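Below you'll find the structure, written out as structure tokens, and then a few comments.
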Amino acid sequence: PSQTNFVAVVHGHADNKWNWAYPLATSLASEGGASWQGDAPDWSANANYGPDLDFEIQNAKVLGYEYGKSLSSHNYEMVHLVAHSEGSWYINSAAKALREFSPNTKIVMTFLDAYTPNPVDTKQLGCASNWAESYHVWDATDYLGAWTIFAFGLTSKDLAKAHNFKLDDLMKEAIPGQYDGPPNWIAHNWPHVWYGDTVGTTTGYGFALSPEAKTKGNSSQTWDDWLG
């Protein structure tokens, strides 16, 4: 392709690419400029198995690896992988395939309320990236344990391989009426809403830390220090 950089945005459980993922991917690519191409794989047919989230994660891993392998054939200079909730496992496998088949590609990963039901999960996400970030809030998945009252913090854990940002205070300011009382599903979706709202900004977190912002000359960080 004429574009040398690629951004992929991946939805999570019981969602599809059209609700927000594809619009965000095209918006990020547009902001990055002519060298960027954007897309959003749709794995909705394999991401809606009710309470069997473990099965969905396995689907995400298999499909993500194949997606990453297909991306590797283009030998992109930079790939930015963005995902919400269970989609984090999709991009994690995609990154592993990219690292295996296109080792010179720089991989940046953005996790939005990543689904990490087990403590060991926090050590796996982002392991194949050159740089990773994670934005999360305390929400319904943490309060209810996503169908089991015995599991907590399912999407609010810090990731060992990422720079972690807690968005709870920002969310309280943005949607105060929705945050009162027990955490809810609106809160679980809020990180990807917030990230989309940052596109085009030049300071702070979110888009300003993205490789698209770097390409545009609006990055708020020194990328040479990040990527080596």
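Predicted model, so just to flag it, every value in this text is computed and none were measured.
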Would you check if the side chain of Ser27 reaches a backbone N or O of Leu24 as a donor-acceptor pair within less than 3.5 Å?
no
Ring centroid separation Trp194 to Tyr135 under 6.0 Å
yes
For Asp158, is there an ion pair with Lys166 - N to carboxylate O distance below 4.0 angstrom?
yes
Could you tell me whether a side-chain N or O of Asp113 sits under 3.5 Å from a main-chain N or O of His136, the two making a donor and an acceptor?
no
Heavy-atom distance under 4.5 Å between the side chains of His80 and Thr110, does that happen here?
yes
Between His13 and Glu56, is there a side-chain heavy-atom distance shorter than 4.5 Å?
yes
Considering the options Thr201, Asp197, Thr202, which one meets the side-chain contact (heavy atoms from CB on, under 4.5 Å) requirement together with Phe207?
Thr201
Just by modelled atom types, is the Ala162 backbone N or O under 3.5 Å from a matching donor or acceptor in the Asn164 side chain?
yes
For the backbone of Thr116 and the side chain of Trp89, can you confirm whether one donor and one acceptor N or O come within less than 3.5 Å of each other?
no
From Glu86 atom CD to Asn46 atom CG, the distance as rounded to the nearest 0.5 Å
11.0 Å
Any chance you could measure Gln37, atom CD, to Phe6, atom CZ, to the nearest 0.5 Å?
5.0 Å
How many angstroms lie between atom OG of Ser30 and atom CG of Leu28, to the nearest 0.5 angstrom?
9.5 Å
I'd like to know whether the aromatic ring centres of His188 and His84 sit less than 6.0 Å apart in this structure.
yes
Do the side chains of Lys161 and Phe111 get nearer than 4.5 Å, heavy atoms only?
no
For Gly38 and Ala29 the tightest heavy-atom approach is N-CB, 3.5 Å
Which distance, rounded to the nearest 0.5 Å, do you find between the CG of Leu98 and the OG of Ser73?
9.5 Å
Is Val7 reachable from Tyr22 through a run of I, L, V, M, F, W or Y residues, each pair having side-chain heavy atoms under 4.5 Å apart?
no
Side chain proximity check, Leu112 to Glu133, heavy atoms < 4.5 angstrom:
no
Could you tell me which non-hydrogen atom of Ser35 sits nearest to which non-hydrogen atom of Thr215, and how far apart they are?
OG-CG2, 3.6 Å
Please check if atom CZ in Phe101 has more than 12 non-hydrogen atoms from other residues, nucleotides or ligands closer than 6.0 Å.
yes
Spell out, as yes or no, whether a donor-acceptor pair under 3.5 Å connects the side chain of Ser210 to the backbone of Ala213.
yes
Ignoring hydrogens and angles, tell me if any N or O in the side chain of Asp121 forms a donor-acceptor pair with the backbone of Asn118 under 3.5 Å.
yes
Sub-4.5 Å side-chain heavy-atom contact between Trp131 and Leu209:
yes
dist Asn104:CG -> Asn75:CG (nearest 0.5 Å) comes out at 8.0 Å
Tell me, please, which residues at least two apart from Asp39 pass side chain to side chain donor-acceptor pair (under 3.5 Å).
none
Minimum heavy-atom distance Leu81-Ala94, with the two atoms named:
CD1-CB, 4.3 Å
Using every non-hydrogen atom in the two residues, find where Val10 and Pro41 come nearest and quote the distance to one decimal.
CG2-CG, 3.7 Å
Could you give the distance from CH2 (Trp43) to CG (Asn48), rounded to the nearest 0.5 Å?
10.0 Å
Side chain to side chain contact (heavy atoms under 4.5 Å, CB included) between Tyr205 and Thr198: does it pass, once the steps are laid out?
CA-CA 8 Å; Tyr205 307 117; Thr198 70; over 6 Å; no
Does the side chain to side chain contact (heavy atoms under 4.5 Å, CB included) test come out yes or no for Gln3 and Trp36, once each step is laid out?
CA-CA 5 Å; Gln3 294 93 346; Trp36 282 88; 5.7 Å; no
Any idea which heavy atoms bring Val199 and Glu31 closest together, and the distance?
CG1-CG, 3.4 Å
Kindly say whether Ser44 contributes a backbone atom to a donor-acceptor pair with the side chain of Asp42 at under 3.5 angstrom?
yes
So, do Lys96 and Cys127 sit near enough that their side-chain heavy atoms are less than 4.5 Å apart?
yes
Do His11 and Trp18 make the cut of ring centroids closer than 6.0 angstrom?
no
Quick note, side chain to side chain donor-acceptor pair (under 3.5 Å) partners involving residues 58-68, not counting sequence neighbours, are Tyr65-Glu100
Is there a donor-acceptor pair under 3.5 Å between the side chain of Ser93 and the backbone N or O of Tyr90?
no
Less than 4.5 Å apart, side chain to side chain, heavy atoms only: is that true for Trp20 and Val193?
no
Does Lys106 reach the side chain of Asn5, with side-chain heavy atoms less than 4.5 Å apart?
no
Main chain of Thr105, side chain of Glu77: is a donor-acceptor contact present, judged purely on distance under 3.5 Å?
no
Taking all non-hydrogen atoms of both residues into account, name the closest pair between Ile91 and Ala83 and its distance.
CD1-CB, 3.6 Å
